[in-house]
Amino acid sequence: MEPDQTPQADQATDSLTILMMVAHPDDIDFGNGGSVATWTEEGHRVVYCLITDGDAGGFDEEVSRTDMATIRREEQRAAGAILGVDEFHFLGWPDGRLYVSHELRRDLARVIRRVRPDRVVTQSPTRNLRSMYGSHPDHTAAGEAVMCAVYPDARNPFAHPELLAEEGLAAHTVPEVWISHMGEGADHYVDTTAAFERKVDALRAHKSQTAHMDDLRGRMWGWGRSQAKAAEFGQDRLAEGYVVLDTR
């Protein structure tokens, strides 16, 4: 690792607007819950964009897929409240059938132009060959579509011209994108030690997805410790790692 790529803790001091753009309800809470709690505690505005409706999730065959989508929206709002988030954009794309398309890029560019974030946080657009869970096809599609929406779509006034002509949404350039990194190779870390219990509480709010997990807290602690070790934060610290891109 080059000297200017040394892992570091998030130390932003100015108030930012941070837009989280992910595939499913609960993705943010698993991958970024500690970061979100830390950022809202620091006074940053955090906004959620959930691309799919989550209707393919859950384990109860007695629950209709329409009801599941409603349940997951309610769970996401409850989880967001625990972490200090009250702004949500639910795009309603079908769970398990997400592909990078012109229409999806337009919908994401619309949200970016509405929110006008200083930072976008999304999932990796590349498959992690060492992690099946980290390479859900909806996740990689979401990451790729978000990157396309950041550049060139949201900043180009001639891309999706109906957004300006019909909705009055002017172009917006996102200064930076943070890619959630579930494995090795992150170059930036957020110390989430103080926010850990809120992260676990937010995950437990997703009852349809996590109620069956006997050791949810232990799993999240283990993952947070592995990230903190990679960041060299020291004993008993927890972290969430990212690859940070300058997208100005």
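Nothing fancy with the numbering, it's 1 onward along the sequence. No experiment lies behind these values; they were computed from the predicted model shown.
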- Hey, is D107 close enough to R110 for a salt bridge, meaning N to O under 4.0 Å? yes

- Item | H172 (side chain) donor-acceptor with V150 (main chain) under 3.5 angstrom | no

- Within the side chain of T192, is there an N or O that forms a donor-acceptor pair under 3.5 Å with the backbone of A195? no

- Item | Atom pair CG (L108) and CG (L91), whose distance is rounded to the nearest 0.5 Å | 6.0 Å

- Can you check whether V22's main-chain N or O pairs, donor with acceptor, with T122's side chain at less than 3.5 Å? no

- Message: What's the separation between atom CD1 in I71 and atom NE2 in H206, rounded to the nearest 0.5 Å?
- Response: 13.0 Å

- Task: Kindly say whether A23 contributes a backbone atom to a donor-acceptor pair with the side chain of T52 at under 3.5 angstrom?
- Result: yes

- Backbone N/O of R237 and side chain of R225: donor-acceptor pair under 3.5 Å: yes

- Query: Hey, is CD on E197 packed in by over 12 heavy atoms from elsewhere, all under 6.0 Å?
  - Reply: yes

- Message: With a 4.5 Å cut-off on side-chain heavy-atom distances among I, L, V, M, F, W and Y, is there a chain of contacts connecting V146 to V174?
- Response: yes

- Task: Measure the spacing between CE of M21 and CD1 of I51 and express it to the nearest 0.5 Å.
- Result: 6.0 Å

- Message: With rounding to the nearest 0.5 angstrom, report the CG to CG distance, D201 to L216.
- Response: 10.0 Å

- Query: For atom CG of D214, is the number of surrounding heavy atoms from other residues, nucleotides or ligands below 6.0 Å larger than 12?
  - Reply: no

- Item | Hydrophobic cluster identity match, Y189 and V243, side-chain contacts under 4.5 Å | no

- Do D29 and L83 have side-chain heavy atoms sitting under 4.5 Å apart? yes

- Under the side chain to side chain contact (heavy atoms under 4.5 Å, CB included) criterion, do R65 and D95 qualify, and how do the steps go? CA-CA 10 Å; R65 295 303 91 192; D95 185 0; over 6 Å; no

- Query: For R219, does the CZ atom sit with more than 12 other heavy atoms under 6.0 Å from it, leaving out its own atoms?
  - Reply: no

- Task: Look at atom CD of E167 and say whether more than 12 heavy atoms of other residues, nucleotides or ligands are closer to it than 6.0 Å.
- Result: yes

- Message: Would you say Y242 ends up clustered with V36 if hydrophobic residues are merged whenever their side chains have heavy atoms under 4.5 Å apart, either directly or through other cluster members?
- Response: yes

- Query: Going by heavy atoms in the side chains, are M147 and L245 under 4.5 Å from each other?
  - Reply: yes

- Message: Which label fits W39 and W178: parallel for a plane angle under 30°, tilted from 30 to 60°, or perpendicular past 60°?
- Response: perpendicular

- The side chain to side chain donor-acceptor pair (under 3.5 Å) partner of Q123 among T140, N32, D27, D138 is D27

- Message: Just checking Y151: does its OH atom have more than 12 heavy atoms from other residues, nucleotides or ligands closer to it than 6.0 angstrom?
- Response: no

- Task: Without swapping roles, check the side chain of R155 against the backbone of A171 for a donor-acceptor pair under 3.5 Å.
- Result: no

- Which residues share a ring-ring contact (aromatic ring centres under 6.0 Å, His included) with H89, sequence neighbours left out: none

- Message: Any side-chain to backbone donor/acceptor pair from S64 onto D67? Under 3.5 Å, distance only.
- Response: yes

- Who are the ring-ring contact (aromatic ring centres under 6.0 Å, His included) partners of Y99, not counting sequence neighbours? none

- Going by an N to O cut-off under 4.0 Å, is there a salt bridge joining D26 and R72? yes

- Query: Should R248 and E176 count as an ion pair when the cut-off is N to O under 4.0 Å?
  - Reply: no

- Rounding to 0.5 Å, atoms CD (Q235) and NZ (K229) come to a distance of 9.5 Å

- Note on the structure: For L164, the hydrophobic cluster (side chain heavy atoms closer than 4.5 Å, chained through members) also holds none

- Note: K199-E240 ion pair, threshold 4.0 Å (strictly below): yes

- Centres of the H102 and H160 rings: under 6.0 Å? yes

- Are the side chains of F30 and H24 in touch, meaning some heavy atoms are under 4.5 Å apart? no

- Message: In the structure I gave you, are the side-chain heavy atoms of T17 and R116 within less than 4.5 Å of one another anywhere?
- Response: no

- Query: Backbone N or O of S208 within a donor-acceptor pair of the E75 side chain at under 3.5 Å?
  - Reply: yes

- With side chains defined as the heavy atoms from C-beta onward, is the minimum distance between L98 and P137 less than 4.5 Å? no

- Quick one: CD1 on I112 to CZ on R114, what's the gap to the nearest 0.5 Å? 12.5 Å

